[in-house]
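All chains are named by letter (A, B, ...) in the order of the sequence lines, taking the proteins before the strands, and each is independently numbered beginning at 1. Keep in mind it's a predicted model, so treat the numbers as computed, not measured.
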Protein chains: 2
Amino acid sequence: MPATTVVPHLQTALTGPLLELESHLLAQNQEIEAWLRKQFKQTPAPFYASVDLRNAGYKLAPVDTNLFPAGFNNLHPEIRSLAVHAAQSTITQICPIADGVLIIPENHTRNTFYLENLFSLKTIIETAGYEVQIGSLMEGLDAPMIIELPSGNTLTLKPLVRKDNQVGVDDFFPCAVLLNNDLSGGRPEILENIEQTLLPPLDLGWASRYKTHHFQHYSEVTEAFAKIVKIDPWLITPTSVQCGPVNFKERSGLEDLAETVNKVLADTQQYYDTHNIGCKPFAIVKSDSGTYGMAIMSVQSSEDILSLNRKQRNKMASVKEGLHVEQMLVQEGVYTYEEIDGAVAEPVVYMIGNQVVGSFYRVHTGKEATDNLNSPGMHFQPLSYAEPGIMPDETQQPDSAPNRFYAYGVIARLALLAAAREIADAKGDLPPLEIQ
Amino acid sequence: MPATTVVPHLQTALTGPLLELESHLLAQNQEIEAWLRKQFKQTPAPFYASVDLRNAGYKLAPVDTNLFPAGFNNLHPEIRSLAVHAAQSTITQICPIADGVLIIPENHTRNTFYLENLFSLKTIIETAGYEVQIGSLMEGLDAPMIIELPSGNTLTLKPLVRKDNQVGVDDFFPCAVLLNNDLSGGRPEILENIEQTLLPPLDLGWASRYKTHHFQHYSEVTEAFAKIVKIDPWLITPTSVQCGPVNFKERSGLEDLAETVNKVLADTQQYYDTHNIGCKPFAIVKSDSGTYGMAIMSVQSSEDILSLNRKQRNKMASVKEGLHVEQMLVQEGVYTYEEIDGAVAEPVVYMIGNQVVGSFYRVHTGKEATDNLNSPGMHFQPLSYAEPGIMPDETQQPDSAPNRFYAYGVIARLALLAAAREIADAKGDLPPLEIQ
């Protein structure tokens, strides 16, 4: 793949609060890095994560933090060495004696995009110097399954087995077990109480996790961070309110949901008014514990909720592997004003340990600035080494590519820190954010 | 600077032992990385190092390991993020609580190349999120000296002061003190017995260090490594023999030196004969404790030593800051068969902690394949992301750029391991190389 130097342009010129934000982040690069380093020292980052960002020009915020990221195949091949280094230091910190890593993947054997991701992830960890085997949770798999990928590579899935308090494949029972399965289907019995280090811990699967918890932690993180960089935390924080239980099929809880939507829209309008932002507020309604862009809708009024037809309600009620929708998250919608060749785009930032290892744009030619882009028809635009989000360049404008991507990397790491604090909280060991 | 994809070609086609070596390294990537990881766990790598390599087609070997590397300005700007990440994790490991790093530089205030290096090094560590100040050992400096660099950047050198058992500038006395001064002039009194962490330790300055010790450790490392990858260790190890005392000015010790040269040439010839290598052996004679390419000569027979005229002898007797030449190192000469635009070139690999962070080529239009290239008239060719030496690509030929540079990164890290073992040895704590 040739080096891509295409950086999307923002439809709106950056002259407002965001330019100020980018300038702030640039000017305080050292304080920010020192603060993040101390935070991650007291609450270690999860093994990996990807964060979807939306850049509205006047606001830059994460809208989804994935602790079981797929899409490693979308990172530009030229920057994979960043991922290799980060994997090396992160695994060494977690399991100093590890020689091998067992990956537990999703069960999609027909989704070649996912399988290419799995191959890329495996290659990154192998290149870092670990034996990697893939142990599948798939029911009925009782022999190795060899899959030929479109890239010409081959992937072997082996049935995951448990021996005493360890899981593995064949005679491979390494100290580190990496989940690349978000456990929407529930906590697998085979993984309960294993002695090995499970990354991330079982409690962070969607079977136990709520998005609102994550955004509550994110909001606390940005509150503390905003004091450091002296900004309005609203600039980087999407209003997020839990609502439920909602049963779309049976139409129960829809009035409460409509009211919550109204409240989020009104709050946003008030902020827009005060700050002369001439946009129409919208909200995103999504399952509080689902993923994969399912059970998600963009609404501009409470009417959009109350007037849902049966088909739309059925769609909202169906999430991956039949997870039961009850709690919903109503989140302030953040416009994406980035475009690639006229199509709306949003950046997705990848991290291993506490290091940004690359980004790409999720692009959708059939969607608009208020839509969820994580839906069929999307494609990906890898970003090359010029924009890994690590090296701001103070000789350039605040909205130049290295500086904009540095800002993206900072916001993504705030979401990562929120995830780290979710993990600490799940273990009942959440330290204060204030640090001397 | 635009991305450079110019990778020098080898004058000789790689069909012999080196191609076999590269294939071996590629095929055993995981074992190699796991072995290096364990080695660096028991003997931590120095904070940074650069290694000069020579690639003769039939042999690939380090000829100089610099523990106080200059030249960070020659790394391609596009790959600096690798250095930033590596600096972050290395400093965190050494001084978990560090907020700042004090750099102690060389005293060359007129060498703008060196000062640009210092600026690059400072920027890398600042971008990693540390306050950086430069504390100079220069005599007579009693106020900050502000230097405008050709790049347009500005560097401020402040006089280094000692307060109790700490060194610093102004009121900046951080836990980490980084030497970028090779101490050829001796061990500065001001640095003795400080409480701070001095990187690398004082014992590794040229005032106390011998190159032959380094190559003795390197030889032990390659002996152990060769067993892992099942190669002939000669392929990656230059024969290195200490000889002295030699006093060039007074012509004492020259006969012993000539005899050592003869022995090294004869050994090399014997190996060439056995392995059908049709080259004429040569040897490099250099100060065992100097640096900067001074006091170094390339010889093809003992006559070259015995027939030295006064001017040549004076040159061999003068090293940086008047360090007294006594011990000499006679090293098997390794041809460099790499060329850029018809000029001879040798790769220089940079590492921070145990990670390769980039490479460049030292190129000299006025020299030949047997010459020392570290001399006036040399220039540098940075290498971009495609060749940082971290991501081998098994779908390509063993001598393709990513694979050749992976081999360079492995050999450079063997020299780094030798340096780590030199440090452990200086502390009287050298563990065995065999690891379970």
Between [atom1] of [X] and [atom2] of [Y], what distance do you get to the nearest 0.5 Å?
X      : Y      : atom1 : atom2 : answer
B:D99  : A:E31  : CG    : CD    : 10.0 Å
B:I125 : A:E33  : CD1   : CD    : 14.0 Å
B:Y406 : A:T127 : OH    : OG1   : 8.0 Å
A:Q88  : B:H85  : CD    : NE2   : 13.5 Å

How far apart are the closest heavy atoms of A:L82 and B:L82, and which atoms are they?
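Heavy atoms only, the tightest pair is CD2-CD2, 3.8 Å.
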
Might you point out which heavy atoms bring B:S89 and A:S89 nearest each other, and give the distance in Å?
OG-OG, 4.3 Å

Any chance CD1 of A:I97 has more than 12 other-residue heavy atoms, nucleotides or ligands included, within less than 6.0 Å?
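It does not: A:I97 CD1 has 12 such atoms or fewer within range.
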
Name the member of B:K41, B:R37, B:E126 that forms the most heavy-atom pairs with chain A at distances under 4.5 Å.
B:R37

If you count heavy-atom pairs under 4.5 Å with chain B, which of A:P96, A:G152, A:G353, A:A86 comes out on top?
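Option with the greatest count: A:P96.
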
